[in-house]
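Being a predicted model, the structure only gives us computed values, none of them experimental. Sequence lines set the chain letters: A, B, ... in the order given, protein chains first and strands last, and positions in each chain run from 1.
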Number of protein chains: 2
Amino acid sequence: MSFEQLQLKNQLCHRLYMASNSIARTYRTLLNEINLTYPQYVVMMALWEEDKITIAALIEKTAIDGSALTQILKKMTDKALLMVIKDESDKRKRFIQLTTQGQSLKHQAADIPKQIQCKFNSIDSAQAEQLMHLLDLVVHDLNSEEVDSLDINEQRT
Amino acid sequence: MSFEQLQLKNQLCHRLYMASNSIARTYRTLLNEINLTYPQYVVMMALWEEDKITIAALIEKTAIDGSALTQILKKMTDKALLMVIKDESDKRKRFIQLTTQGQSLKHQAADIPKQIQCKFNSIDSAQAEQLMHLLDLVVHDLNSEEVDSLDINEQRT
DNA sequence: TGCAAATATTTTGCATGCAAATTAAAATGT
DNA sequence: ACATTTTAATTTGCATGCAAAATATTTGCA
């Protein structure tokens, strides 16, 4: 596999870079109609699944960087899609809760997954599964390599 | 495939988003040592492959957005990695050429692909091939759907 | 009790990615 | 030749992603 590893066109990373940008671009166009960016849409998806969760939980669920999320939530609050609620028992925590407007946006966004899906003409569901699986492996490998001596302790889930 | 399509954790796009960010993060750490960002590294890779090419050619080869590339090239010029050379025959065009410093950086960056590769413990070369192939399909599908009536003309490569 | 260490978020600063508008120069059609 | 169109790059404005530093609280312990 190392024969032409130095060529850009043979690099996995560059493929990933291009694919990710392509998807983001595609979403941007679609999401533009409901005035959301992709990360904002991801936040909405997470909240439609489970409302009134902690910011930490939202970070966990969306994989959006915390410092970016702060800004994103600020903009979404301005758009009246959600509210930030302080936890009285632990004043460090904040809960994020959808507004009525945020909840109702779910209906308008209902067909977005289908619209995206129908663009994938070259990929059947088995291949999509495969792809998701492989991407999971990539993420796992790249995120778990920080551990060196902790291998033994952290390996179990 | 549509049963739980609305769940974030089942979305191809979210996987891609996470994988792309993970890779970018991994590169960032490595590239930090030679004072390059990932897009800047991609530009260097392209130029190490073929020096003194047009900005348009660089965009084509790297898939980096043109307006972003302008800024990136500016920073790389400041770092004395490359030079922008005007084409006398066509004053719209500019060629990008590596400086001696830019060329010699190739040696210092030589082991980066290996360092990245050795992090992929769960993926063998066959799976990497598979993954790249699937990502190509994704990119192809998402980038070629602008055509509607042009299908007949543009379908051939 | 009291203070260091751990948590949960936010703030800052820098580098993109991208759509849209702009500028400059070359190619085309008449 | 001359206006129109196309091509090559740049500029602008907005939204992130992320490392690092700063804040505010809570926990854990001596």
Side-chain angles (χ1 to χ4, degrees), chain A residues 14 16-33 35-43 53-60 62-79 84-96 142-143 146, chain B residues 14 16-33 35-43 53-60 62-79 84-96 142-143 146:
Chain A
H14 197 238
L16 223 42
Y17 169 84
M18 290 190 290
S20 177
N21 285 341
S22 286
I23 277 210
R25 221 175 302 134
T26 303
Y27 265 104
R28 187 171 298 121
T29 309
L30 277 180
L31 291 173
N32 201 33
E33 291 170 36
N35 193 30
L36 287 179
T37 65
Y38 181 66
Q40 287 170 12
Y41 172 63
V42 171
V43 168
I53 59 178
T54 286
I55 290 185
L58 205 48
I59 290 173
E60 164 77 24
T62 62
I64 295 175
D65 173 72
S67 50
L69 191 56
T70 299
Q71 311 303 322
I72 292 169
L73 290 176
K74 199 171 292 177
K75 283 165 196 159
M76 293 176 80
T77 304
D78 292 343
K79 291 194 226 178
V84 178
I85 299 169
K86 287 182 183 175
D87 182 347
E88 287 308 319
S89 70
D90 185 340
K91 291 181 181 169
R92 292 171 305 180
K93 295 184 186 171
R94 282 107 205 260
F95 290 106
I96 305 299
L142 295 180
N143 290 15
E146 300 298 345
Chain B
H14 197 237
L16 222 43
Y17 169 85
M18 290 190 290
S20 177
N21 284 342
S22 285
I23 276 210
R25 219 175 304 132
T26 303
Y27 265 103
R28 187 171 297 123
T29 309
L30 278 179
L31 291 173
N32 201 33
E33 290 170 37
N35 193 32
L36 287 180
T37 64
Y38 181 66
Q40 287 170 12
Y41 173 64
V42 171
V43 168
I53 59 178
T54 286
I55 290 185
L58 205 49
I59 290 172
E60 164 77 24
T62 62
I64 295 174
D65 172 72
S67 50
L69 191 56
T70 298
Q71 311 303 321
I72 292 170
L73 291 176
K74 200 171 292 177
K75 283 166 195 157
M76 293 177 81
T77 303
D78 292 343
K79 292 194 223 177
V84 179
I85 299 169
K86 288 183 184 174
D87 183 348
E88 286 309 318
S89 71
D90 184 341
K91 292 180 181 170
R92 290 170 305 179
K93 295 183 185 171
R94 281 108 207 254
F95 289 107
I96 305 299
L142 295 180
N143 290 13
E146 300 297 347

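Taking atom CD1 of residue Ile72(A) and atom C1' of nucleotide dC14(D), one finds them 13 Å apart after rounding to whole Å. What separates CD1 of Ile55(B) from P of dA25(C) is a distance of 15 Å, to the nearest Å. Protein atom CZ of Arg25(B) is 17 Å distant from nucleotide atom P of dT16(D), rounded to whole Å. Going from atom CG of Leu142(B) over to atom C1' of dC18(C) covers 16 Å, rounded to whole Å. Counting to the nearest Å, the C1' atom of dG17(C) and the CD atom of Gln40(B) are 14 Å from each other. Here the P atom of nucleotide dA8(D) and the CD1 atom of Ile53(B) are 14 Å apart, to the nearest Å. Taking atom OH of residue Tyr27(A) and atom C1' of nucleotide dT16(D), one finds them 17 Å apart after rounding to whole Å. Rounded to an integer number of Å, the gap from Lys86(B) NZ to dA26(C) C1' is 16 Å.
As judged by a 4.0 angstrom heavy-atom cut-off over every strand, Asn21(B) is placed among residues touching the sugar-phosphate backbone only. Within 4.0 Å of Gln71(B), counting heavy atoms only, lies at least one base atom of the nucleic acid. Residue Phe95(B) is out of contact with every strand shown, counting any heavy-atom pair closer than 4.0 Å.
Between dT25(D), dA15(C), dT10(C), one nucleotide has an atom nearer to the side chain of Lys91(A) than all others, and that is dT25(D). The listed nucleotides are dG17(D), dA8(C), dA15(D); the one nearest the side chain of Pro39(A) is dG17(D). For Thr70(B), the side-chain atoms get nearest to dT11(D) when compared with the rest of dC18(C), dT11(D), dC18(D). The side chain of Asp90(A) sits closest to dT25(D) out of dT25(D), dC18(D), dG17(D). Distances from the side chain of Arg28(B) to the nucleotides dT10(C), dA9(D), dC18(D) place dC18(D) closest.
If Ala57(A) and Thr37(B) are placed on DNA chain C by their nearest nucleotide, the residue sitting closer to the 5' end is Ala57(A). Where Ser89(A) and Leu69(A) each meet DNA chain D at their nearest nucleotide, the meeting point lying more 5' is that of Leu69(A). Map Glu88(A) and Thr54(B) each onto its nearest nucleotide of DNA chain D; the residue landing nearer the 5' end is Thr54(B). When each of Ala24(A) and Ile59(A) is assigned the nucleotide of DNA chain C with its nearest heavy atom, Ile59(A) is the one assigned upstream, toward the 5' end.
In terms of polar N and O atoms assigned as donor or acceptor, the side chain of Arg92(A) comes within less than 3.5 Å of the base of dT7(C) in a complementary pairing. The base of dA19(C) sits within donor-acceptor range of the side chain of Ser67(B), with an N or O pair under 3.5 Å.
Between Tyr38(B) and Tyr41(B), the ring planes lie tilted relative to each other; the angle falls in the 30° to 60° range.
Tested against Leu73(A), the residues Ile96(A), Ile64(A), Asp78(A) include a single side chain to side chain contact (heavy atoms under 4.5 Å, CB included) partner, Ile96(A).
In this structure, Lys74(B) reaches the dT11(D) phosphate: one of its side-chain N or O atoms is under 4.0 Å from OP1 or OP2. Within the 4.0 Å cut-off from OP1 or OP2 of dG17(D), at least one side-chain nitrogen or oxygen of Tyr17(B) is found.
Environment of NZ in Lys79(A): crowded, with over 12 heavy atoms of neighbouring residues, nucleotides or ligands closer than 6.0 Å.
A 4.5 Å side-chain heavy-atom check between Val42(B) and His14(A) finds at least one atom pair inside the cut-off. When side chains are defined from C-beta on, Leu16(A) counts as touching Leu16(B), because their heavy atoms get closer than 4.5 Å. A 4.5 Å side-chain heavy-atom check between Thr54(B) and Phe95(B) finds at least one atom pair inside the cut-off.
Look at dT23(C): its Watson-Crick or wobble partner, with both distances under 3.5 angstrom, is dA8(D).
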